[in-house]
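A quick write-up on the structure given underneath.
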2 protein chains.
Amino acid sequence: MENKNTLRLPDVFAALGDPVRFALVERLLAEPEMAAGDLGAGFGISAPAISRHLAVLHRAGLVTRRADRQRRLYAIAPEAMRQVAAWTLSHREFLQGSVARLDALMAHEERDDD
Amino acid sequence: MENKNTLRLPDVFAALGDPVRFALVERLLAEPEMAAGDLGAGFGISAPAISRHLAVLHRAGLVTRRADRQRRLYAIAPEAMRQVAAWTLSHREFLQGSVARLDALMAHEERDDD
DNA sequence: TTCTTATTTTCCATTACTGTTAATTAACAC
DNA sequence: GTGTTAATTAACAGTAATGGAAAATAAGAA
């Protein structure tokens, strides 16, 4: 039985804790795969800075990386998202309700970035 | 209609991103309410350090604080947990399945800290 | 008032993080 | 080979985070 628990949740949270990295993750959640260059566009920070942010996300296990010609394509690692979800839901007594209620909350939530 | 979206997710994640704070939150998820002193016991760091960590969690909206005699009692703020859950679940295409499947994952997950 | 307990704030040192520019690696086009 | 594009690594500066010791605040007991 393989171990899915290889990533440390605090590291994942720390990775998501930076606003730039959070935005990068949100981009990747919308588009299934993106090159580092495209991912970094529009942030007003240099390519090296983006590269290092992506490295942090990669080390935390949040994204995967693969080479396509000279580009590096990044994608969300579903395992990590699942682990975050699992952690949150494992304490759902504190959510004062069921997952169904969470669904409702999600439904009437407004989007910030469309 | 009051606004529940007062807390910024990156700040919440950043707060959870420190291993000490993450452990403090897990303690609070197990015990509904704890005094700062009890919360900090066993971490090998000073009371002032714990106090500051709790302040970070409080500023991020993750915990509430109330006074009981000379003690300060901390508790999880369910709103914050709900928002984290909502964010994660709002991207559930990446979870390659339904919430039901997440439930299954949760069920066969082993505990690290009992 | 003085003493004790619980917690926070102030001050200071050290470490870690983020960003920049410049240099480097890598893959492709010519 | 030279030149171009894409991305990372190196070197460095500025800022923020973390921790400790000591002082300060607050509540309660004697």
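Throughout, protein chains are lettered first and strands after them, A, B, ... in sequence-line order, and every chain is numbered starting at 1. If you're wondering where the values come from, they're calculated on a predicted model, not measured in any experiment.
- Connection of A:L73 to A:V56 is not established within any shared hydrophobic cluster, with ILVMFWY side chains joined at heavy-atom distances below 4.5 Å, either directly or through further cluster members.
- Two residues are said to be in side-chain contact when any heavy atoms from C-beta on lie closer than 4.5 Å; A:R21 and B:F13 fail this criterion.
- Take B:A60 and apply the side chain to side chain contact (heavy atoms under 4.5 Å, CB included) test, not counting sequence neighbours, and it matches B:A15.
- Atom CD in B:E26 sits 9.5 Å away from atom CG in B:L16 (nearest 0.5 Å).
- Interatomic distance, CD1 of B:I50 versus CG of B:L24, reported as 5.0 Å (0.5 Å rounding).
- With rounding to the nearest 0.5 Å, the separation of CZ in A:R8 from CZ in B:F22 is 12.0 Å.
- Residues A:W87 and A:L7 fall within the same hydrophobic cluster, defined by Ile, Leu, Val, Met, Phe, Trp and Tyr side chains chained together at heavy-atom separations under 4.5 Å.
- One finds the CG atom of B:L29 at 4.5 Å from the NE2 atom of A:H91 (value rounded to the nearest 0.5 Å).
- Remark: B:Y74 is not in phosphate contact with C:dA6, judged by side-chain N or O atoms under 4.0 Å from OP1 or OP2.
- Between B:L28 atom CG and B:I76 atom CD1 the span is 5.0 Å, to the nearest 0.5 Å.
- Contacts classified as salt bridge (Lys or Arg N to Asp or Glu O under 4.0 Å) and involving residues 47-64 of chain B (residues at least two apart or in different chains) are not found.
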Polar pairs (N or O, both sides) under 3.5 Å between protein and nucleotides 13-15 of chain D?
none

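- Separating the CZ atom in A:R65 from the OH atom in A:Y74 is a distance of 4.0 Å, to the nearest 0.5 Å.
- Taking only side-chain atoms of A:A49, from C-beta outward, the nucleotide of C:dT20, D:dG19, C:dA6 with the closest atom is C:dT20.
- Near-neighbour residues of DNA chain D inside residues 50-60 of chain A, defined by a heavy atom below 4.0 Å, number-ordered: A:S51, A:R52.
- Between B:L73 atom CG and C:dT7 atom P the separation is 8 Å, expressed in whole Å.
- Among pairs with a residue in residues 41-51 of chain B, none fulfils side chain to side chain donor-acceptor pair (under 3.5 Å), at least two apart in sequence or across chains.
- A heavy atom closer than 4.0 Å to some atom of DNA chain C occurs in B:A35, B:A36, B:G37, these being the qualifying members of residues 34-44 of chain B.
- For the side-chain contact (heavy atoms from CB on, under 4.5 Å) test with B:V25, the passing option among B:V20, B:L39, B:L57 is B:L57; the others fail.
- Applying the salt bridge (Lys or Arg N to Asp or Glu O under 4.0 Å) test to residues at least two apart or on different chains, the pairs with a partner in residues 33-50 of chain B are B:E33-B:R66.
- Annotation: salt bridge (charged side-chain N to carboxylate O under 4.0 Å, His left out) contacts of B:D18 (sequence neighbours excluded): none.
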Using a cut-off of 4.0 Å between protein heavy atoms and nucleotide atoms, how would you tag nucleotides 23-30 of chain C 5' to 3' with B, S and -?
----BS--
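- Residue A:S46 has a polar side-chain atom (N or O) positioned under 4.0 Å from OP1 or OP2 of C:dT20.
- A heavy-atom distance below 4.0 Å to DNA chain C is reached by none of the residues of residues 11-24 of chain B.
- End-to-end axis angle for the helix from C:dT1-D:dA30 to C:dC30-D:dG1, using five pairs per end and rounding to 10°, comes out at 10°.
- Across all their heavy atoms, A:T88 and B:M81 have their closest contact at CG2-O, 3.4 Å.
- Of all non-hydrogen atoms in A:A77 and A:T64, the two that sit nearest each other are CB-CG2, 4.0 Å.
- Residue pairs meeting the salt bridge (Lys or Arg N to Asp or Glu O under 4.0 Å) criterion with at least one partner in residues 67-78 of chain B, sequence neighbours excluded, are B:D68-B:R71.
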